[in-house]
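Structure first, commentary second.
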There are 2 protein chains.
Amino acid sequence: MAYDYAAMIALADPTRRAIFELVVEQPRSVSELARALPVSQPAVSQHLKVLRCARLVGMERRGASNVYHLDPYGLAQMRAWLDGMWAGAFDSFKAEVEKDGKGGT
Amino acid sequence: MAYDYAAMIALADPTRRAIFELVVEQPRSVSELARALPVSQPAVSQHLKVLRCARLVGMERRGASNVYHLDPYGLAQMRAWLDGMWAGAFDSFKAEVEKDGKGGT
DNA sequence: CATAATCATAAGCCATAGCTTATAATAAGT
DNA sequence: ACTTATTATAAGCTATGGCTTATGATTATG
């Protein structure tokens with residue numbers, strides 16, 4: 001179950017980050033987001049699609065509005081990847097130190 | 001001291017991720033990396049520049065070779081951002097629950 | 001000193017990502 | 001039923017990002 005980096009790719013775009021942070025603050029509809037940002041509504045919808053595929057946000061219909069909310073899954077996945085990478089990095093570092101350390105003080 | 005997302009942007013590219021993971025595994029020279037990857041040496045150098053600006057990797061001259069190694073700073077920064085986002089998300093979630101909860105069971 | 005090896009930068013090419021306008025679909029209000 | 005509001009998708013434009021080849025600088029090697 002290799003990590004597909006979708007969340008990271010999604011958050012690499014500044015507009016998408018802005019959208020995401022607004023949604024994290026509180027659930028918001030598409031028009032709300034579009035009004036709060038310097039881009040068109042279709043642009044927002046396109047970005048929301050990417051965020052949704054990365055499971056960073058989820059949707060809920062509310063009348064004619066689509067209210068987007070945070071989906072913790074994407075961040076959790078990302079955190080898991082980071083932790084794994086961190087552990088691996090630490091192991092490498094330790095191995096490196098041990099190798100160099102044989103001639104040490 | 002706002003997070004500038006440089007690490008996230010850097011890791012959004014698949015080639016750069018491959019380079020980064022090789023470097024995490026163990027320190028490697030540019031030519032080593034170029035030989036291990038299906039891209040040219042200049043491409044590798046360009047990617048390493050981005051990774052270095054994001055403080056994901058560091059460099060050390062070793063004769064005519066430039067040996068790149070992991071720099072924990074970038075990952076640490078990213079983890080800090082993630083933790084902050086996580087906490088914020090959790091607060092929002094809590095606030096949301098409390099607001100809805102007033103009419104509960 | 002001459003040759004080979006290693007690397008970073010420059011210049012140019014091209015696919016892609018993000019934006020726009022236009023439009024169709026659904027829901028609410030009158 | 002008609003109009004208004006909300007949203008997703010389609011089509012097209014353009015800037016940008018990643019790749020290439022070419023080249024100059026630095027270092028080891030003979």
Rounded to whole Å, CG of A:Leu37 lies from C1' of C:dT20 at a distance of 16 Å
Review point. Quick one: is C:dA27 close enough that its OP1 or OP2 comes under 4.0 Å of any side-chain N or O from A:Ser65?
Key: no
Between CG of B:Leu33 and P of D:dC19 the distance, given in whole Å, is 14 Å
ask   = Hey, does B:Arg62 reach any base, or is it just sugar-phosphate, or nothing, if we go heavy atoms under 4.0 Å?
value = nothing
(request) Is it possible for you to say whether B:Leu56 and B:Met59 belong to one hydrophobic cluster, with membership spreading through side-chain heavy-atom contacts below 4.5 Å? (result) yes
| field | Phosphate OP1/OP2 of D:dT6 contacted by A:Tyr68 side-chain N/O (<4.0 Å) | value | no
Separation of D:dG18 atom P from B:Arg16 atom CZ, nearest Å, is 4 Å
Counting only side-chain N and O atoms of A:Thr15, is one of them less than 4.0 Å from OP1 or OP2 of C:dC19? yes
note: A:Arg28, atom CZ; D:dT6, atom P; distance rounded to Å ~ 16 Å
Exercise. For C:dC7, does OP1 or OP2 lie under 4.0 Å from any side-chain N or O of B:Arg61?
Worked result: no
- Give the cluster check for B:Leu37 versus B:Phe20: same hydrophobic cluster or not, with ILVMFWY residues linked at side-chain heavy-atom distances below 4.5 Å. yes
CG of A:Leu11 to CG of B:Leu11, rounded to nearest 0.5 Å, is 12.0 Å
Of the candidates C:dT21, D:dA8, C:dC7, the side chain of A:Gln41 sits closest to D:dA8
Query raised in the report: So does A:Asn66 get a side-chain nitrogen or oxygen closer than 4.0 Å to the phosphate oxygens (OP1/OP2) of D:dA8?
Result: yes
Here the distance between atom P of C:dA17 and atom CG of A:Leu51, to the nearest Å, is 15 Å
Next on the checklist: Tell me whether the side-chain N or O atoms of A:Glu32 pair up with the base of D:dT6 as donor and acceptor below 3.5 Å, since no angle test is needed here.
Outcome noted: no
Mind checking A:Ser45 for me? I need base, sugar-phosphate or nothing, with any heavy atom below 4.0 Å counting as a touch. base
When rounded to the nearest 0.5 Å, the distance separating CH2 of B:Trp81 from CE of A:Met78 is 5.0 Å
**OP:** Establish, with yes or no, whether the OP1 or OP2 oxygen of D:dT7 is under 4.0 angstrom from a side-chain nitrogen or oxygen of A:Ser29.
**Re:** yes
Taken to the nearest whole Å, CD1/A:Ile9 to C1'/D:dG17 is 14 Å
By nearest-nucleotide position on DNA chain C, the 5'-leaning member of B:Leu48 and A:Ala12 is B:Leu48
Which of D:dC19, C:dA8, D:dA11 is nearest the side chain of A:Gln46? It is D:dA11
Is it possible for you to say whether A:Tyr3 and A:Val50 belong to one hydrophobic cluster, with membership spreading through side-chain heavy-atom contacts below 4.5 Å? no
Separation between CE (B:Met85) and CG (A:Leu75), nearest 0.5 Å, reads 7.0 Å
Rounded to whole Å, the CZ-C1' distance (A:Arg35 to D:dT7) equals 13 Å
A:Val39 has its side chain closest, among C:dT26, D:dT20, C:dC19, to C:dC19
Atom CD of B:Glu60 and atom C1' of D:dT26 are separated, to the nearest Å, by 17 Å
A:Pro42 has its side chain closest, among C:dG18, C:dT21, C:dT9, to C:dT21
Out of D:dA22, C:dC19, C:dT21, minimum distance to the side chain of A:Ser40 belongs to C:dT21
